[in-house]
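Right, one structure below, let's go through it.
Labels below follow one simple rule: chain letters A, B, ... track the order of the sequence lines, proteins then strands, and each chain is numbered from 1.
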Number of protein chains: 2
Amino acid sequence: MPIRSNDQIIHKAAWLYYTHGLRQDEVAQRLEISRASIAMYLRRAREMGIVTITTSSELFSDDVLARELEDATGLTTAWIVPEDRQAMDPAAEMPVVAASVFLELINKGDRIGVAWGRTVYHIADVMPFADLRGVTVVQLCGNLGAPYSYRPDQCTTEIARRLNAEGINLYAPLVLSSERLADELRAEPVIREQLATISDCQLALYSVGGIEEDSHLVKCGALSAEEMHAMGDKGAAGVIAGQLIDRDGQWMDCAHNRRCMSADLASIRAIRKRMLVVQEDNKFESLIAALKGGFASHLIVTASMARRVLDRWSKEGLDKNSSGKT
Amino acid sequence: MPIRSNDQIIHKAAWLYYTHGLRQDEVAQRLEISRASIAMYLRRAREMGIVTITTSSELFSDDVLARELEDATGLTTAWIVPEDRQAMDPAAEMPVVAASVFLELINKGDRIGVAWGRTVYHIADVMPFADLRGVTVVQLCGNLGAPYSYRPDQCTTEIARRLNAEGINLYAPLVLSSERLADELRAEPVIREQLATISDCQLALYSVGGIEEDSHLVKCGALSAEEMHAMGDKGAAGVIAGQLIDRDGQWMDCAHNRRCMSADLASIRAIRKRMLVVQEDNKFESLIAALKGGFASHLIVTASMARRVLDRWSKEGLDKNSSGKT
DNA sequence: CATCATCGCTGACAAAAGTCAATGTGCCTG
DNA sequence: CAGGCACATTGACTTTTGTCAGCGATGATG
């Protein structure tokens with residue numbers, strides 16, 4: 001096979017171009033053929049593996065993991081909080097990372113939706129101070145009547161205070177005692193308007209709640225442990241802004257959700273930058289549900305969670321990046 | 001800002017561009033920064049070794065002359081740097097070839113011995129970046145006290161840095177003023193241990209020094225020009241890792257060698273892949289000595305040197321492969 | 001021996017990447 | 001807190017690279 005002689009010139013072109021950094025026209029001149037041919041040779045050299053271009057894997061393993069997670073799930077950006085031996089407690093580190101990422105995602109004049117939960121509260125707690133006048137922080141879900149350690153309005157208010165932004169609270173309970181009352185309240189102009197503006201947000205911040213007995217919905221009395229358990233049997237997988245979602249991330253048509261004063265899930269999905277922060281590894285199934293439901297464009301998780309998500313995605317053949325070329 | 005936010009965005013840009021094959025403007029759009037910045041990030045990614053572009057060095061080994069040289073001398077592999085009209089300056093080309101070959105010879109977890117000299121220094125200077133964690137680069141010979149342009153520790157350190165490997169320097173002078181002191185120093189546990197590990201290397205990189213007046217040993221003051229000349233009369237033919245060898249490549253029992261802190265020649269010979277790079281054509285006799293002494297399993301030379309070696313080998317009837325080929 | 005198909009190569013043009021001065025932006029210092 | 005410094009970022013421009021129709025050589029076929 002006379003392929004050999006062909007290969008030789010391809011090798012040579014690749015060597016001069018990639019290793020020596022000559023330009024294509026210089027290579028062409030030296031090899032005394034047209035530059036167009038050089039361009040073709042170089043493409044073949046790449047295709048044939050005579051030259052290989054690799055992005056370092058071990059050195060930036062967390063970055064690579066993040067990129068893979070983005071590719072698989074279609075996230076805009078993923079941040080991986082490492083779990084090295086020498087690193088700090090990852091769960092403790094995450095709110096810090098989240099806060100700084102959050103800050104960078106804010107643009108002048110943005111409207112920002114903030115939900116509620118332990119994670120969000122911790123993020124608020126370590127949020128740096130900034131001067132973001134013109135930014136508005138709105139509360140994504142209603143308040144808890146009873147005194148509770150992490151109150152939705154506290155999250156909103158604290159973040160707004162730190163950013164020197166305007167905070168707008170939702171003056172309604174998270175859960176009402178009847179569907180009728182919830183409907184009527186939702187119809188109130190002041191409430192309705194506020195809920196209607198949520199889809200205008202450019203950025204949202206929330207975590208996903210679990211459906212275990214230690215869920216906030218149970219702890220704050222919105223649901224009993226038995227009710228929550230029953231919901232789990234009916235397919236509930238997580239909680240977004242106080243509302244139960246099923247394994248596919250869809251709103252569940254249940255009594256609790258109908259009684260819940262919170263942002264319409266469609267409105268939340270309409271927000272361009274949806275920042276989801278998951279600290280606890282046992283929220284894995286809830287995270288999966290939230291991802292499937294499209295509740296995250298920007299995700300912050302631990303490395304092990306990221307790996308589990310990737311694993312699950314590949315097992316279910318959900319990888320959106322079947323087309324990615326090489 | 002998040003830790004390593006800079007690296008993060010560079011890595012992401014590199015990932016999208018090189019792994020996904022997006023165009024720069026597409027990457028820019030996705031990351032919401034200007035394309036000019038992307039171009040800059042990508043350059044940095046290449047410089048920092050986040051992406052590595054390697055070309056196979058097959059080009060230089062795929063040569064009739066190289067095969068003949070291997071057959072004659074018993075080398076494992078020879079690489080011939082051509083001296084064509086169209087080729088670049090062969091002397092300038094050689095370090096590049098050497099670096100590329102060197103990289104291909106490294107395996108995960110290897111321990112690599114590196115000696116010192118102008119050639120090795122130049123190789124280090126053009127060594128591509130790579131991600132070879134777990135690889136250890138050890139210094140084969142002691143350091144030069146006086147400030148000198150090519151310092152042994154620099155060679156080791158620079159190569160280790162480029163490979164992202166661990167570099168281990170030998171903290172001892174190359175030449176001591178008395179044999180007694182040299183002996184005592186060699187007996188020091190820290191030194192002794194380090195010298196003892198040299199035979200555990202899987203790969204060594206060095207050149208062979210000449211015994212002319214422009215030899216490094218003379219230039220750095222270890223030997224006077226007269227002394228060197230006298231050693232030549234006594235049969236010295238070259239320098240390996242700072243030590244004089246005779247025309248058969250054997251260690252010379254001389255004052256200089258006894259005062260020299262360097263790897264035992266037997267240890268060097270024990271290394272499986274001994275990569276010898278000879279740039280200067282006037283080192284011919286030294287090269288012959290090194291080959292006879294078994295200091296090369298992998299050789300990189302110019303075509304004319306290769307021919308001269310073949311010529312000498314056939315004249316002396318040393319051809320190890322009298323039965324084999326045509 | 002004409003014809004056709006194939007393939008590598010090239011010129012010319014379109015697309016993409018590189019470059020650089022000007023501009024922002026934060027950050028430190030006096 | 002102004003001023004200045006260092007450096008990241010960008011828009012506009014230049015250079016380099018990718019592409020593809022068309023050309024010519026080669027070789028197989030009727």
Side-chain angles (χ1 to χ4, degrees), chain A residues 1-53 55 63 77 99-110 127-135 162-165 324-326, chain B residues 1-53 55 86 88:
Chain A
M1 45 184 169
I3 297 164
R4 199 68 235 156
S5 62
N6 233 357
D7 262 20
Q8 190 77 15
I9 197 137
I10 293 179
H11 263 101
K12 206 150 194 168
W15 179 266
L16 292 172
Y17 185 77
Y18 286 108
T19 308
H20 276 277
L22 297 192
R23 291 192 314 269
Q24 290 187 0
D25 55 345
E26 293 178 300
V27 178
Q29 206 176 340
R30 199 176 283 259
L31 267 42
E32 296 177 325
I33 45 178
S34 79
R35 199 191 54 71
S37 297
I38 298 296
M40 193 194 63
Y41 291 162
L42 293 177
R43 173 149 35 97
R44 284 212 216 142
R46 287 185 299 260
E47 285 166 0
M48 293 167 63
I50 291 173
V51 306
T52 53
I53 301 177
T55 58
D63 288 341
T77 311
S100 58
V101 167
F102 180 74
L103 211 53
E104 284 189 1
L105 289 178
I106 302 173
N107 290 318
K108 222 172 160 67
D110 274 0
M127 185 69 65
F129 289 86
D131 185 20
L132 293 167
R133 254 172 266 205
V135 167
R162 301 250 184 163
L163 304 185
N164 197 25
K325 49 113 276 157
T326 294
Chain B
M1 61 178 162
I3 307 89
R4 291 176 49 206
S5 68
N6 266 355
D7 278 10
Q8 182 93 13
I9 196 128
I10 291 177
H11 187 271
K12 186 150 184 174
W15 179 271
L16 291 173
Y17 187 77
Y18 287 108
T19 308
H20 274 271
L22 297 192
R23 292 193 313 267
Q24 291 188 357
D25 57 344
E26 294 178 301
V27 177
Q29 206 176 341
R30 201 180 279 224
L31 300 184
E32 295 178 326
I33 47 180
S34 76
R35 201 191 51 74
S37 297
I38 298 295
M40 195 197 63
Y41 289 162
L42 293 177
R43 172 148 32 98
R44 284 218 215 136
R46 286 184 300 259
E47 284 167 0
M48 293 167 65
I50 291 176
V51 303
T52 55
I53 301 178
T55 56
Q86 83 207 30
M88 353 241 349

Are [X] and [Y] close enough that some pair of their side-chain heavy atoms sits under 4.5 Å apart?
| X | Y | answer |
| --- | --- | --- |
| B:L42 | B:Y18 | yes |
| A:I33 | A:I9 | yes |
| A:L163 | A:L103 | yes |

Distance, rounded to the nearest Å, where [X] contributes [atom1] and [N] contributes [atom2]:
| X | N | atom1 | atom2 | answer |
| --- | --- | --- | --- | --- |
| B:D25 | C:dA15 | CG | C1' | 9 Å |
| B:L31 | D:dT9 | CG | P | 11 Å |
| B:I38 | C:dG18 | CD1 | C1' | 14 Å |
| B:L22 | C:dA15 | CG | P | 18 Å |
| A:R23 | D:dT14 | CZ | P | 16 Å |

Shortest non-hydrogen separation from A:A14 to A:I50 and the atoms involved: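 Heavy atoms only, the tightest pair is CB-CG2, 4.3 Å.
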Base-contact (B) and sugar-phosphate-only (S) positions in nucleotides 18-25 of chain D, heavy-atom cut-off under 4.0 Å, - elsewhere: BB------
Phosphate-side-chain proximity, B:Y41 and D:dT9, N/O vs OP1/OP2 below 4.0 Å: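 For D:dT9, OP1 or OP2 has a side-chain N or O of B:Y41 closer than 4.0 Å.
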Contact under 4.0 Å: A:S37 side-chain N or O vs C:dT10 OP1/OP2: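 Answer yes for this pair, as a side-chain N or O of A:S37 is under 4.0 Å from OP1 or OP2.
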Sugar-phosphate, base or nothing in reach of B:I33, heavy atoms under 4.0 Å: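 Answer is sugar-phosphate: B:I33 comes under 4.0 Å of backbone atoms only.
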Parallel, tilted or perpendicular: ring planes of A:W15 versus A:H20, cut at 30 and 60 degrees: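 Rings of A:W15 and A:H20: perpendicular, over 60°.
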Side chain to side chain contact (heavy atoms under 4.5 Å, CB included) evaluation trace for A:L16 with A:L31: CA-CA 10 Å; A:L16 292 172; A:L31 267 42; 3.6 Å; yes
